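Please read the structure below before turning to the comments.
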Amino acid sequence: MVNDFEISIFNRWGEQVFYSTDKGFRWDGSLNGKTAVNAVYNYVIRCTVIGGNPYRFTGSVTVL
């Protein structure tokens with residue numbers, strides 16, 4: 001069971017383009033209400049599970 005959750009998505013210049021603390025988040029690939037350019041975006045997920053153990057996941061997603 002995940003207690004705390006946050007996700008940040010960054011463009012190739014390291015600028016945060018999306019942030020959410022909703023475990024059921026959805027990112028539609030838009031930036032400021034406009035369709036994102038085709039590119040690779042990096043994400044960082046931080047969460048804490050029951051017992052207080054923190055986890056950090058990183059990866060990338062490609063918008064086509």
Side-chain angles (χ1 to χ4, degrees):
M1 171 71 68
V2 175
N3 289 330
D4 298 317
F5 174 89
E6 67 177 38
I7 181 169
S8 296
I9 299 177
F10 303 92
N11 64 18
R12 63 181 171 184
W13 297 284
E15 299 168 328
Q16 185 175 318
V17 297
F18 179 81
Y19 175 82
S20 180
T21 58
D22 180 2
K23 296 174 204 170
F25 79 94
R26 299 265 192 246
W27 181 51
D28 62 2
S30 64
L31 305 173
N32 299 321
K34 298 179 182 175
T35 303
V37 296
N38 294 350
V40 175
Y41 295 85
N42 297 304
Y43 65 83
V44 176
I45 296 173
R46 292 183 182 91
C47 61
T48 305
V49 297
I50 292 177
N53 295 329
Y55 289 90
R56 182 176 184 260
F57 303 95
T58 61
S60 61
V61 60
T62 303
V63 173
L64 300 175

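Residues take their numbers from the sequence shown, with the count starting at 1. Note that the structure is a prediction, hence the values are computed from the model and not measured.
Here the CG-CZ distance, from D4 to R46, works out to 12.5 Å after rounding to the nearest 0.5 Å. Put simply, SG on C47 and CZ on R56 are 11.5 Å apart, with the number rounded to the nearest 0.5 Å.
Looking at every heavy atom in both residues, V2 comes nearest to K23 through O-NZ, 2.7 Å. In plain terms, the two heavy atoms of L31 and V17 that are nearest each other are CD2-CB, 3.2 Å. Between A36 and V63, the shortest heavy-atom contact is O-CG1, 4.2 Å.
Identified under the ring-ring contact (aromatic ring centres under 6.0 Å, His included) test for residues 36-64, with sequence neighbours left out: W27-Y41.
Residues satisfying the side chain to side chain contact (heavy atoms under 4.5 Å, CB included) test with I50, not counting sequence neighbours, are M1, N3.
Among the candidates D22, V44, I45, the single residue satisfying the side-chain contact (heavy atoms from CB on, under 4.5 Å) test with I7 is I45.
S30 and D28 share a side-chain donor-acceptor pair at under 3.5 Å.
Put simply, the side chain of F5 reaches to within 4.5 Å of the side chain of F25, judged on heavy atoms.
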